[in-house]
Amino acid sequence: MPRETMAQKRERAAEVERRMFEVYGEGACSLDYTDPFRLTVAVVLSAQCTDAAVNKVTPLLWERFPEPADLAAADTAQIEEIIRPLGFYRAKAAKLKGLAQMSVSEFGGTVPQDIDELQRLPGVGRKTANCVMCQAFRDPQGIAVDTHVYRIAHRLKFCGPSANTPDKVEAALLKVYPREQWLYINHQWVHFGREYCRARNPRCSECFVADICPSAGKC
DNA sequence: ATCCCGAGGG
DNA sequence: CCCTCTGGAT
């Protein structure tokens, strides 16, 4: 079997993406992403818990602390009380307060449209910054390679077997996918990785890209 | 029992 | 690189 050319790989990637889009849409979670500050807060809260849980809590948060300045001045115990069901609530409460404080003192009560500046905010790491750039600003700066993206990229062979670091996998993906699609990859692949392309016991027999996946049935 | 759309710190 | 922080869903 001849080695796949880059053009063929891009074509296959485009087909994968088409199908992902059918199943998961833009992948934009139901978090409120119209306001960059609120989106950032919601994404920080969403670490290690479901969007549904976050969406239950954020309305209470906005009600009690309508403006970033209110959150910046808040008593962390009050924040903790509201976000407790999400888990990691002490750390998250401290992050929210710090995030709001920096937002107010350095960014006029909003959040910067810059991947590196975003990561200076307490609680905002690479993954969250990427999410904010994509969802709030529609200005993707790359793909955040977490365990899901790493695993899926390898199984679909969108990167070579020697791509053994997140940076190498990202570099490969950026070449395979056009920039407009970087917006969706993280969101869609995370859902896909949970539902089909699981780390253990992948559901290849039911997977909607199995016919164009080189690893189908081999994981 | 085990896993989760992470970040920060040692 | 490894650990911790926490609750909820399955």
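Here is the naming used below: chain letters follow the sequence lines, and residue numbers restart at 1 for every chain.
- Atom CZ of A:Arg200 and atom C1' of B:dT2 are 8 Å apart (whole Å).
- Remark: A:His154 pairs with no residue by the side-chain hydrogen bond (donor to acceptor under 3.5 Å, both in side chains) rule, at least two apart or across chains.
- Nucleotide C:dA9 holds its C1' atom 13 Å from the CG atom of A:Leu86, rounded to whole Å.
- To the nearest angstrom, P of C:dT6 lies 8 Å from CD of A:Glu80.
- OP1 or OP2 of C:dT6 lies within a sub-4.0 Å distance of a side-chain N or O belonging to A:Arg90.
- Shown here for A:Phe158 and A:Val176, the closest heavy-atom pair between the two residues is O-CG2, 3.7 Å.
- A:Met102 places its CE atom 14 Å from the C1' atom of B:dA7, with the value rounded to the nearest Å.
- For A:Lys127 and B:dA7, the NZ to P distance is 7 Å, given to the nearest whole Å.
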For nucleotides 8-10 of chain B, which of its nitrogen or oxygen atoms have a protein nitrogen or oxygen under 3.5 Å away, and what is each distance?
unit_1 : atom_1 : unit_2   : atom_2 : d
B:dG8  : OP1    : A:Gly123 : N      : 2.8

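- Not less than 6.0 angstrom separates the ring centroid of A:Tyr184 from the ring centroid of A:Tyr177.
- Of the listed nucleotides (B:dA7, B:dC4, C:dG8), B:dA7 has the atom at the smallest distance from the side chain of A:Thr128.
- When the P atom of C:dG7 is taken as reference, atom CD1 of A:Ile83 falls 11 Å away, rounded to whole Å.
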Scan the side chains in residues 67-84 of chain A for donor-acceptor partners under 3.5 Å anywhere in the protein, sequence neighbours excluded, and list what turns up.
unit_1  : atom_1 : unit_2  : atom_2 : d
A:Asp70 : OD2    : A:Glu67 : N      : 2.8
A:Asp75 : OD1    : A:Ala77 : N      : 3.2

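- Annotation: the span from A:Arg120 atom CZ to A:Glu117 atom CD amounts to 5.0 Å, rounded to 0.5 Å.
- Across B:dG10 and C:dT6, the matching P atoms stand 16 Å from one another, rounded to whole Å.
- Nucleotide B:dA7 holds its P atom 12 Å from the CZ atom of A:Phe88, rounded to whole Å.
- Considering only the side chain of A:Tyr89, C:dG7 comes nearest among C:dC5, C:dG7, B:dA7.
- One interatomic measurement links the two molecules: CG of A:Leu45 to P of B:dG6, which rounds to 14 Å at whole-angstrom precision.
- Hydrophobic clustering (side-chain heavy atoms under 4.5 Å, transitive across Ile, Leu, Val, Met, Phe, Trp, Tyr) keeps A:Val104 apart from A:Leu99.
- Residues A:Tyr196 and A:Phe208 bring their aromatic ring centres within 6.0 Å.
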